[in-house]
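Report on the following structure.
Residue numbers start from 1 in every chain, and the chains themselves are labelled A, B, ... in the order their sequence lines are given, proteins ahead of strands. In this text, all values refer to a predicted model and were calculated from it rather than measured experimentally.
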Amino acid sequence: MVPVTKPKGWVVLVLRLLALAATASATIVMGLNKETKTFVVATVGTTPIKATFSAKFQHTPAFVFFVIANGLVSFHNLVMISVNLFGKKLDYKGLRLAMIAIFDLLNTVLVSAGVNGAVYMAELGKYGNSHARWNKICDRFKTFCDHGGGAIIASFIGLALMIVISIISIVKLAKSKSNTPLLGEP
Amino acid sequence: MTMTKRIITNLLRLIALGATVAAIVVMVTSHQSAEVFNLTFTAKFSNEPVFKYFVVAEAIACGYTLVVLILSSRSLLWRLIVILDAVMTAVLTSSISAALAIARVGKKGNSHAGWLPICGQVPKFCDHVTGALVCGFVAAIVYALLLVFSLYSALGPVFGVKP
């Protein structure tokens, strides 16, 4: 069976564009995630004492890693799209497809680590942990939680797309140089 | 695949298998009770959803490694194995990343959210969980090495070397 590569070229491009959009939006939404609220902490006599609390994404290392990981993956997708569109002749010792596959795999692992670290911190913030006496914060900082949740959903979509892109890259790599069928002895 | 490559791949898979099994066993057997102000404070791994996910993810990777080790004589599905190795690496890194995030909150707290660290009250539980996380980290790194090595050995002609 003749491997069909020409019509498949635009499938990966569209997937990369979608993954770029997903991870870039996750980075931006989480990076700008900040909410400041003033609460009444105590009442002395008749005057309420107010204190200002703020929820920022930098307070949690998991969210910082989330922003950095999604930023790196969106940069990777950007580079891959530009190489696909403008650098069709770029090749380094015949290792072009191999490098694309390896970088796609590395970035899939990176975004997987980033999004899963952030989702459990978000779950802790939303439901708290009664056993450890950690109170939930989402009832007071609703916008912060909503934005964070949206960013995490976008990053999960980006993760799914990156897995599909990695599989396509590996299959392209395997089909290009060797003439063996898809299932067979190496 | 030559004998050397097969031996190295199986050795890496055995190390990963051992690391995942150790991570599961150490995490499941971690519990400690502490008395704070006449309140019994029981710390178990199942109180925290992250550690349950950690155990499940390591179990999935452990089962997959076992299946591939047993079926390694028939290499008809080597391309599927390479792809599943990549997926398992992503699963393992995700589990260790999530568990590390929550464990850091348990160890150092989060002053902005008012979350106090619990390692002062249950030090034995903290040490147990730390051990399990180290095993999980080793499993993730070994799986990353295994993935690179699987790509190298399974797609040998592409890299300009003989498989």
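- Note on A:Ala62, A:Ala55, A:Pro61: by heavy-atom pairs under 4.5 Å with chain B, the leading option is A:Pro61.
- In this structure, A:Trp134 and B:Trp115 have tilted ring planes: the angle between them lies in the 30° to 60° band.
- Transitive grouping of hydrophobic side chains (ILVMFWY, heavy atoms separated by less than 4.5 Å) keeps B:Leu116 and A:Met121 in distinct clusters.
- For the set A:Val111, A:Val109, A:Leu105, the entry with the most heavy-atom pairs within less than 4.5 Å of chain B is A:Val109.
- Hydrophobic clustering keeps A:Leu72 apart from A:Val29 (ILVMFWY residues linked when any side-chain heavy atoms are closer than 4.5 Å, directly or through intermediates).
- A 6.0 Å sphere centred on NZ of A:Lys37 holds more than 12 heavy atoms belonging to other residues, nucleotides or ligands.
- Cluster annotation: B:Ile8 and B:Leu145 are assigned to distinct hydrophobic clusters (Ile/Leu/Val/Met/Phe/Trp/Tyr, side-chain heavy-atom contacts under 4.5 Å, transitive).
- With rounding to the nearest 0.5 Å, the separation of CD1 in A:Ile137 from CG in B:Asn110 is 8.0 Å.
- Residues of residues 93-108 of chain B lying under 4.5 angstrom from chain A, judged on non-hydrogen atoms, are B:Thr93, B:Ser94, B:Ser97, B:Ala98, B:Ala101, B:Ile102, B:Arg104, B:Val105, B:Gly106 by number.
- Residues of residues 47-58 of chain B lying within less than 4.5 angstrom of chain A, judged on heavy atoms, are B:Asn47, B:Glu48, B:Pro49, B:Val50, B:Tyr53 in numerical order.
- Rounded to the nearest 0.5 angstrom, A:Asn129 CG and B:Ile118 CD1 are separated by 7.5 Å.
- Under a hydrophobic-cluster definition in which Ile, Leu, Val, Met, Phe, Trp and Tyr are linked whenever side-chain heavy atoms come within less than 4.5 Å, directly or via other members, A:Val83 and A:Met99 are assigned to different clusters.
- Atom CZ of A:Phe156 is surrounded by more than 12 heavy atoms from other residues, nucleotides or ligands within 6.0 Å.
- Atoms CD1 and CD1, on A:Ile163 and B:Ile83 in that order, are 11.5 Å from each other to the nearest 0.5 Å.
- Hydrophobic clustering (ILVMFWY, side-chain heavy atoms < 4.5 Å, transitive): B:Leu146 and B:Val148 are in distinct clusters.
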